[in-house]
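Throughout, a chain's letter reflects where its sequence line sits, starting with A, and its residues are numbered from 1.
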Amino acid sequence: MKASHLILGTQRENPSDAEIISHQLMIKAGLIRQVSSGIYNWLPIGKKVLQKVEDIIRKEMNEAGAQEILMPMVQPASLWESSGRIDQYGKELLVFEDRHENRFCLGPTHEEIITDLCKNLLTSYKQLPVTLYQIQTKFRDEIRPRFGVMRSREFLMKDAYSFDLDKTGLDRSYQVMKEAYIKVFNKIGLDYRIVKADSGTIGGSDSEEFHVLADSGEDLLAFSDKSTYATNAELLTELQDGQDPSTLEGKESPDGKGILKLKRGIEVGHIFKLGKKYSEILNLKIQSEDKEINPEMGCYGIGASRIVAAAIEQNHDDKGIIWPESLAPFEVAIVEVNPKNKREISDKCAEIYDLMKKNEIDVLWDNREKRPGVKFNDAEVIGIPLTIIIGDRTLESKEIEIKGRQDEKPKLVSHQDLLANIID
RNA sequence: CGGGGCAUAGCGCAGCCUGGUAGCGCACCUGCUUUGGGAGCAGGUGGUCGCAGGUUCAAAUCCUGCUGCCCCGACCA
């Protein structure tokens, strides 16, 4: 991609109404623009990053045997009346009428729809176990949207639903999804913890949350420095009679391994064992060998758009975003310095650009007629991991300057070693 | 929903107190000179001053109502 053809949307100044760093940087780097409170446009760079999150999730879901479907964003309110959640969800559920005066709502989640779908789709126990998922826009009419796409009203979510004959099956399906989630977050490359959670309004028994560690997180987590033990600190203090969570720091971990540390977390994933709650209420029955049963259900969510913000919260500096390689909108930037009257520099950029494309490296060639500082600053705020600098200094030599996003100074590599340096 | 703040060009802001028909920086367009960390000069484009009433010869400015956005709290995934 040549920068001259890219709608970049970078801004020099911070927007006055963005509070947290990820929100500021997403606007400065041209990832998003606000439309209304809690509702955003995703610009080309932002969409590319979001797409990468989606692709990683999609791949691991498919790998785990889940099947992708797409359910509607608009749902009949009658289904929510049937499940009884129309009152429970309250005003967060955006309800409206169509021209025939039938009531609909924008889907904040899809337990009702999937259960209803499966009433027609799943007829025999031989089809079980099965897990279906979608990656789709959700709408929750938050009381107070804030922090950009971190707590927005409209957001992109992957939600999966499993159906099993019995509790043992549900345990197995849940475990498969949990392992897929671990692979997703490892692959994205964020520092995260899995914590025991309160299953809240969605209902059901077991539930665990995946949290990306970041100072701006809305939840306080307590976890062991030696084991995988981790919990929401507020749940832990409840057990210990309302004491200040900060007093837990340094105490022995409840599992006896290591001591407790406290950090804030951003919830990016949540997995539940729903049990028969929805299959009973909505009357989903499947024929087993000898009788009809209500299947055991699980549901599994990942906030795709929230992951983008969380990744930035965890990885940035005063210059801008520092993407993990898995999410970077481009792998390499070519900064063309001093192109006027220097046909050779443009030619050399073109040569390297072609080399990158041939090797399927996603490259942004900054061929704009801008000062070098503008180009360096744009590459840095966007967070492109590696920059190749082509200018007078190296025009005559056989060497090329490359600079990592966090390097102080560029280093020189020979033309023939260029690819090897980029690929690793 | 309670408390606080803001609304003037794409972004950041001044002007409002004391009414006289809109300005600055950045961005954008044209030209020339520049070019290794957000260039200089010259010229230029772009705004029903959030909306609706009212007061006045005259309203961005004063008055009333409304709307939107942000922050804190309560709520929640």
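With B:rC70, B:rG37, B:rA27 as the choices, the nucleotide that has an atom nearest any side-chain atom of A:K370 turns out to be B:rA27. You'll find that the side chain of A:S16 is closest to B:rC13, out of B:rC13, B:rA74, B:rG36. Comparing B:rA77, B:rC1, B:rG36 by their closest approach to the side chain of A:P372 singles out B:rG36. With B:rA77, B:rC11, B:rG73 as the candidates, the nucleotide lying closest to the side chain of A:R146 is B:rG73. Nearest to the side chain of A:N377, among B:rG36, B:rG38, B:rA77, sits B:rG38.
Atom pair A:L93:CG and B:rA77:C1' shows a separation of 14 Å (rounding to whole Å applied). To the nearest angstrom, P of B:rA77 lies 12 Å from NE2 of A:H211. Atom CZ in A:R393 sits roughly 13 Å away from atom P in B:rU35 (whole-Å rounding). When the C1' atom of B:rU35 is taken as reference, atom CG of A:D392 falls 9 Å away, rounded to whole Å.
Judged by distance alone with a 3.5 Å cut-off, a donor-acceptor contact links the side chain of A:E13 to the base of B:rG25. The base of B:rG10 has none of its N or O atoms less than 3.5 Å from a complementary donor or acceptor on the side chain of A:Q11.
Here B:rA58 sits opposite no nucleotide as a Watson-Crick or G-U wobble pair (both hydrogen-bonding atom distances under 3.5 Å). Nucleotide B:rA7 forms a Watson-Crick or G-U wobble pair with B:rU67, both donor-acceptor distances falling under 3.5 Å. Nucleotide B:rA39 has B:rU33 as its partner under the Watson-Crick or G-U criteria, with both atom distances under 3.5 Å. Using N1 to N3 plus N6-O4 or O6-N4 for Watson-Crick, or N1-O2 and O6-N3 for G-U wobble, each under 3.5 Å, B:rU18 pairs with nothing.
Residue A:K91 is classed as having no contact, given no heavy-atom separation below 4.0 Å to the nucleic acid. Using a 4.0 Å heavy-atom distance criterion, A:E401 is classed as a base contact. Residue A:R306 is in base contact, counting any heavy-atom pair closer than 4.0 Å across all strands shown. Using a 4.0 Å heavy-atom criterion, one finds that A:D378 contacts the bases of the nucleic acid, with or without backbone contacts as well. Nucleic acid contact for A:I389: base, since at least one base atom lies under 4.0 Å from a heavy atom of the residue. Residue A:D219 is classed as a base contact, given a heavy-atom separation below 4.0 Å to a base. Using a 4.0 Å heavy-atom distance criterion, A:E380 is classed as a base contact. When heavy atoms are screened at a 4.0 angstrom cut-off, A:P15 is found touching the sugar-phosphate backbone but no base atom.
The gap from the P atom of B:rC70 to that of B:rC13 amounts to 15 Å, rounded to the nearest Å. Between B:rA9 and B:rU48, the distance separating the two C1' atoms is 13 Å to the nearest Å. For the P atom pair drawn from B:rU8 and B:rG50, the interatomic distance equals 6 Å after rounding to whole Å. Between the C1' atoms of B:rC49 and B:rA60, the separation comes to 5 Å (whole Å). Distance noted for atom P between B:rA77 and B:rU67: 29 Å (whole Å). Separation of the P atoms belonging to B:rG20 and B:rC62 is 11 Å when rounded to the nearest angstrom. Rounded to the nearest Å, the gap between the P atom of B:rC17 and that of B:rU64 is 15 Å. Atom P of B:rU55 sits at a distance of 37 Å from the matching atom of B:rU45, rounded to the whole Å.
Applying the 4.0 Å criterion to OP1 and OP2 of B:rA39, one finds that A:K375 has every side-chain N and O outside that range. Under 4.0 angstrom from either OP1 or OP2 of B:rC11 there lies no side-chain N or O belonging to A:R12. Regarding contacts with the backbone of B:rC76, every side-chain N or O of A:Q88 stays at 4.0 angstrom or more from both OP1 and OP2. Dashed line: the shortest gap from a side-chain N or O of A:R144 to OP1 or OP2 of B:rC71 is under 4.0 Å. Residue A:T109 has no polar side-chain atom (N or O) positioned under 4.0 Å from OP1 or OP2 of B:rA77.
For the pair A:K48 and A:F330, the distance from NZ or CZ to the six-membered ring centre is under 6.0 Å and the angle to the ring normal is within 45 degrees.
If you check the side chains of A:D141 and A:Y89, you find no donor sitting under 3.5 Å from an acceptor.
Under the 3.5 Å distance criterion, the side-chain polar atoms of A:Q75 are matched with a main-chain donor or acceptor of A:T109. Remark: the backbone N or O of A:D191 is paired with a side-chain donor or acceptor of A:Q314 at under 3.5 angstrom. Between the side chain of A:D407 and the main chain of A:K403, no donor-acceptor pair closer than 3.5 Å is present. Between the side chain of A:Q24 and the backbone N or O of A:A18 there is at least one donor-acceptor pair closer than 3.5 Å. No donor-acceptor pair closer than 3.5 Å links the side chain of A:H415 to the backbone N or O of A:S397.
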Between A:K183 and A:E63, is the salt bridge (charged side-chain N to carboxylate O under 4.0 Å, His left out) condition met? List the steps. CA-CA 10 Å; A:K183 285 181 190 162; A:E63 201 85 2; over 6 Å; no
